Amino acid sequence: MAIAVRYALFAIVSMLGNLGVQESVVYVTAPGTPLVVSMVSGTAAGFALKYILDKRWIFRDSYTSSASELRKIVLYGAFGVATTAVFWATELAFWHVWHSETAKCAGAIIGLIAGYAAKYSLDKIFVFRKQDSYETRRLGTLPLS
């Protein structure tokens, strides 16, 4: 299966996981529990699920150390926030220009595609980069590709 197809499927799985956890939290918590509790729980679950799937099945990355893994998780999360901003900005721009639900949805789709394409590239270059050359190990630096 092509990486692009797997990446798209994992994005869908992550979104479904996010929404599923949100609904579960709403169902099992006391009435009146703030909505933000379910949103944060769902986001954390979706993030963790997507990170694990991408790490293993997209980038074939292995565990090296706690420090390295923490760096990857922080970068992965930061790029996720940045690319979500691209998605939201595109969706809102389409809404403000055309003032229609169809335009808003089109903007959301275009924003999601652009955001996920950018995230894949950023993750490949900065998060899950390979350390395989002698020079890289000797100098303690990481290559950009």
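Just so you know, these numbers use all the heavy atoms, side chains as well, and skip hydrogens, waters and symmetry mates. Just so it is clear, the model here is predicted, and its values are computed rather than measured.
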Going from [atom1] on [X] to [atom2] on [Y], what distance comes out if it is rounded to the nearest 0.5 angstrom?
| X | Y | atom1 | atom2 | result |
| --- | --- | --- | --- | --- |
| Cys105 | Ile110 | SG | CD1 | 11.5 Å |
| Ile52 | Phe10 | CD1 | CZ | 11.5 Å |
| Arg129 | Asp123 | CZ | CG | 12.0 Å |
| His96 | Glu91 | NE2 | CD | 10.0 Å |
| Glu69 | Lys72 | CD | NZ | 5.0 Å |
| Phe128 | Asp61 | CZ | CG | 5.5 Å |

In this structure, would [X] and [Y] fall into the same cluster of hydrophobic residues linked by side-chain contacts under 4.5 Å?
| X | Y | value |
| --- | --- | --- |
| Ile3 | Val13 | yes |
| Tyr116 | Leu49 | yes |
| Val86 | Ile125 | no |
| Trp88 | Phe79 | yes |
| Leu75 | Tyr120 | yes |

Tyr27, OH: over 12 other non-hydrogen atoms inside 6.0 angstrom = no
request  = State whether the number of non-hydrogen atoms from other residues, nucleotides or ligands found under 6.0 Å of Met15 atom CE is greater than 12.
outcome  =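 Yes, because the 6.0 Å sphere around CE of Met15 holds more than 12 heavy atoms from other groups.
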Would you mind reporting whether [Y] and [X] have side-chain heavy atoms less than 4.5 Å apart?
| X | Y | value |
| --- | --- | --- |
| Thr83 | Phe87 | no |
| Thr43 | Asn18 | yes |
| Ser38 | Leu35 | yes |
| Asp54 | Tyr76 | yes |

query = Should Ile58 and Leu53 be marked as a side-chain contact (heavy atoms from CB on, under 4.5 Å) after you check the CA-CA gap, both sets of side-chain angles, and the distance that decides it?
reply = CA-CA 7 Å; Ile58 300 298; Leu53 291 171; over 6 Å; no
Where do [X] and [Y] come nearest, in terms of heavy atoms and distance?
| X | Y | answer |
| --- | --- | --- |
| Gly46 | Ser14 | O-OG, 2.9 Å |
| Ala45 | Val21 | CB-CG2, 3.5 Å |
| Thr90 | Gly107 | CG2-O, 3.3 Å |

task = On the 0 to 90° scale, with breaks at 30° and 60°, tag the Trp95-His99 ring pair as parallel, tilted or perpendicular.
result = perpendicular
task = Indicate, with yes or no, if the rings of Tyr7 and Phe59 have centres closer together than 6.0 Å.
result =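 No; Phe59 has its ring centre 6.0 Å or more from that of Tyr7.
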